[in-house]
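First the structure, in the form of structure tokens, and then the observations on it.
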Amino acid sequence: MTDHQLRLGVNIDHVATVRNARGGAYPDPVRAAKLAEEAGADGITAHLREDRRHITDTDIDALMEALTVPLNFEMAATDEMQKIALRHKPHAVCIVPEKREERTTEGGLEVAREENRLAHFIAPLRDAGCRVSIFIAADRKQIDAAHRIGAEVIELHTGAYCDYHAEGRFGDRDRELEALRDMSAYAHSLGLEVHAGHGLTYDCVQPVAAFPEVRELNIGHFLIGEAIFRGLTPAVQEMRRLMDAAREQG
Ligand code: PXP
């Protein structure tokens, strides 16, 4: 992969959401992950939440066993999750905020407020060889804090940008996009690898994919939704095509 290329991480959490609606084994998120891999995903992302509302511990065991592309293990900064991550040593760990009552990860992590604790929290993960990423808002204070605690990667939260786009609030959308662009460049200038994700769809992925500093996008809910209509393989292939086209055009 050359430097200008952009990796696609496919988040398969919501295959597990559908499975858990009936409490059985179907549809299997590992099968979806293998299909996404074949369709051009460079990695698979799965979020093991404290309440296990979608991905379960058994899914993580099975993904570690079955995947040939890297697993990006999303987790809250809790002792329980740290133990699980250290047992599996996935390629990447992404630290996200987590609230029981939220429907999805609502905001970025408040790194600046918990700098000391998070520095100690991620150190053993880094020592175990996991690439540690911190999911944050496009905010200089959070980026500086992520840099100081020794994270190698930040993932910028694109949720507000995508929501504004979907609601037709284009002025707000453009302001968010500008913040994402500026903060991608700023984080890159500090030596951090920059990822982005949350809420991305075919309609709004390209402006973010065009940022030269962004190396990876993590996309889940839209792709699993789109798989209902066109199948997972074409859904992933189309996202890949749009990302590559945006990159080519710069
Ligand atoms: N990146 C992170 C850190 C996330 O928490 C999520 C949602 O689990 C995503 C990306 C993917 O967001 P979406 O499912 O909206 O594409």
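First listed ligand is number 1; within each ligand, the first listed atom is number 1.
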Could you tell me which non-hydrogen atom of Ala209 sits nearest to which non-hydrogen atom of Arg247, and how far apart they are? O-NH1, 2.8 Å
Quick test of your reading of the model: are Arg169 and Asp174 salt-bridged, counting only N-O distances below 4.0 Å? no
Below 4.0 angstrom, N of the basic side chain to O of the carboxylate: do Glu176 and Arg173 qualify? no
Which of the atoms of ligand 1 are close to Asn11, meaning less than 4.0 Å from one of its heavy atoms? 8 (O)
Ligand 1 to Val96, heavy atom cutoff 4.0 Å, flagged ligand atoms 3 (C)
For atom 1 (N) of ligand 1, state which one of His157, Glu155, His198 supplies the nearest heavy atom. Glu155
Please list, in number order, the atoms of ligand 1 under 4.0 Å from a heavy atom of Ile219. 16 (O)
Do His88 and Phe73 have ring centroids that are under 6.0 Å from one another? no
Using a strict cut-off of 4.0 Å, indicate which atoms of ligand 1 neighbour a heavy atom of Asn218. 10 (C), 11 (C)
Partner set under side-chain contact (heavy atoms from CB on, under 4.5 Å) for Ala227, not counting sequence neighbours: Leu232
Geometry only, no angles: is His221 polar-contacting ligand 1 at N/O separations under 3.5 Å? yes
Honestly, for Glu74 the part within reach of ligand 1 (heavy atoms, under 4.0 Å) is side chain
ring-ring contact (aromatic ring centres under 6.0 Å, His included) pairs touching residues 6-33, sequence neighbours excluded, are His14-His54, His14-His221
Any salt bridge linking Arg52 with Glu98? Criterion: basic side-chain nitrogen under 4.0 Å from a carboxylate oxygen. no
Polar contact flag for Gly220 and ligand 1 (N/O pairs, less than 3.5 Å): yes
Ligand 1 to Gly199, heavy atom cutoff 4.0 Å, flagged ligand atoms 12 (O), 13 (P), 15 (O), 16 (O)
